[in-house]
Amino acid sequence: MFCYQCSDALNGKGCTVAGVCGKKADVAEMQDLLIFVTKGISAVTTKLRAEGKPVKARVNHLITLNLFVTITNANFDKESLAARVEQTLKTKAKLLAEVSDKNNLPAAALWSDAKENFDAKKIGIFSTENEDIRSLRELITYGLKGLAAYLYHANALSFDDEKINAFAQATLAKLLDEGLNGDDLTALALETGKFGVDVMALLDKANTETYGNPEVTKVKLGVGKNPAILISGHDLRDLEQLLEQTEGTGVDVYTHGEMLPAHYYPKFKKFKHLIGNYGNAWHLQTTEFEKFNGVILLTTNCLMPPKESYRNRIFTTGAVGYPGCRRVEEVDGKKDFAPLIELAKTCLPPTELETGEIVGGFAHEQVFAVADKVIEAIKSGAIKKFVVMAGCDGRQKSRQYYADFAQALPKDTVILTAGCAKYKYLKLPLGDIGGIPRVLDAGQCNDCYSLALIALKLKEVFGLNDVNKLPLVFNIGWHEQKAHIVLLALLYLGVKNIHLGPVLPAFLSPNVTKILVDNFGIGGITNVADDIKTLIG
Ligand code: FSO
Ligand code: SF4
């Protein structure tokens with residue numbers, strides 16, 4: 001195996017024997033095969049579109065989920081990945097029969113070998129020899145995985161966009177094209193960023209039209225006395241169904257990790273048994289899930305290999321999978337959470353980890369509503385700078401940097417955040433500026449879209465022609481591939497001088513890194529004192 005798609009890549013280079021994430025070699029190779037066949041079917045759907053033949057939503061959704069299941073910390077179940085390979089090959093065979101002109105289709109489009117007969121080296125990352133082409137191809141692939149994750153959530157709420165599907169599939173097909181050079185692929189990476197903006201806009205529309213605009217909300221950290229279900233991941237539709245089915249059963253529901261921002265949506269506030277948020281970011285789950293005592297539902301990444309002690313209380317759904325953990329499948333658009341509810345009733349209530357509350361819900365509409373106050377604070381000098389510290393949290397000790405950085409920031413700065421990165425500083429007593437909290441949480445990682453809208457609004461209000469002239473700096477923590485699509489989206493929007501940590505992606509070759517540095521001013525992090533000087537002055 002070889003995998004270097006996340007910030008945990010072994011020794012900053014790549015995992016070769018097994019993943020630091022717990023992914024076994026055979027699972028990694030099955031994921032490589034799934035990506036290969038997904039590129040193949042995408043070449044076929046792209047050809048069909050070119051011939052004026054529509055591609056069914058069912059096929060688009062198959063491709064989207066294929067990408068999503070290969071994202072870091074999502075699916076560790078080789079059998080379910082192998083089943084997706086088989087399903088993709090069968091679907092591809094049917095689609096191929098519809099193609100009139102099969103000339104010039106790449107080998108992957110015609111490949112139908114049984115899964116036992118594949119050579120991982122021929123289809124995996126190193127099948128591309130040139131390290132810069134490889135680096136750009138992987139950057140785009142990972143961006144598309146992130147895009148697929150967000151598209152999947154929009155699809156779950158019955159929102160879809162043919163242009164995004166067509167672009168993702170055409171781009172996957174282009175990654176098989178030996179004729180594309182570094183310049184072509186760099187342009188394609190930026191175009192992927194454009195569709196990253198589009199997919200986040202689509203998901204924002206899906207979320208806000210379905211659940212209302214996020215409101216500033218206090219979320220409880222303590223626990224109640226009832227047995228409970230903890231829901232983790234990003235899928236709001238799963239939460240909605242779980243809340244409906246647990247209502248009146250005596251089983252409470254708590255959010256975990258990236259599900260925290262669900263509390264900000266008006267539609268979820270009416271569920272009185274949605275008690276609060278339990279625990280912290282994903283990397284602390286092995287101790288926190290143990291203490292939760294109840295049932296845990298993983299709707300998306302980040303799942304860590306569960307300990308024996310609580311494995312029987314873990315359920316997975318959607319893109320997530322782990323051998324031996326029970327699953328909830330969707331049947332006719334519905335998920336039946338009855339087995340979780342019955343098991344939860346037999347469990348002890350959660351052990352309290354902390355008390356108090358946190359405040360969030362500063363998505364675009366809420367910030368626009370207090371825009372006058374914010375603008376006044378900037379004009380008066382009460383707010384000198386906004387620091388975007390969105391992205392991911394992770395297990396590296398070096399990520400303590402982000403907590404220290406937040407604490408060391410001057411008191412006239414405001415942190416804009418989204419994603420699980422917030423857990424490093426959301427609970428710190430950083431105070432407020434004239435009633436504006438110094439940490440404004442917009443929501444999940446996909447809600448970085450909100451942060452982009454806020455920046456564009458400020459640019460408009462101040463009559464600037466360049467977002468980089470705003471008193472706004474970026475110090476982003478990344479972990480997995482959703483962060484890549486967010487990064488590509490920010491680059492597409494023209495944001496420069498983004499600092500990325502705690503390490504630069506292992507898949508960036510020296511030449512590709514140079515392109516990012518020279519054209520976009522992307523940099524890493526050093527230490528808190530020096531970075532405060534560089535970013536804040
Ligand atoms: Fe975090 Fe995991 Fe949302 Fe990621 S829980 S690390 S970028 O999956 O998706 O922020
Ligand atoms: Fe390693 Fe990350 Fe790949 Fe897991 S996802 S195998 S930790 S690089």
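None of these values were measured; they are calculated from a predicted model. Whatever order the structure lists ligands and atoms in, that order sets their numbers, starting from 1.
A 6.0 Å sphere centred on NZ of K24 holds no more than 12 heavy atoms belonging to other residues, nucleotides or ligands. Within 6.0 Å of NZ in K218 there are 12 or fewer heavy atoms belonging to other residues, nucleotides or ligands.
Each protein N/O/S atom under 2.8 Å from atom 2 (Fe) of ligand 2 was counted, for a total of 1.
Between E240 and R237 there is a salt bridge, since a side-chain N of the basic residue sits under 4.0 Å from a carboxylate O of the acidic one. Remark: K194 does not engage E191 in a salt bridge, criterion side-chain N to carboxylate O under 4.0 Å. Ion pairing of E86 with R84 is absent here, as no side-chain N (NZ or NE/NH1/NH2) approaches a carboxylate O to less than 4.0 Å.
Using cut-offs of 30° and 60° on the angle between ring planes, the pair F271 and F268 is tilted. Ring orientation note: the planes of H484 and W478 are tilted relative to one another, at an angle of 30° to 60°.
For a distance threshold of 2.8 Å, the protein N, O or S atoms nearer than that to atom 3 (Fe) of ligand 1, listed by chain and number, are H234 NE2, E258 OE2, C445 SG.
For the pair S232 and H256, the tightest heavy-atom approach, listed with the atom from each and the gap, is OG-ND1, 2.8 Å.
Aromatic pair Y254/F292: centroids less than 6.0 angstrom apart.
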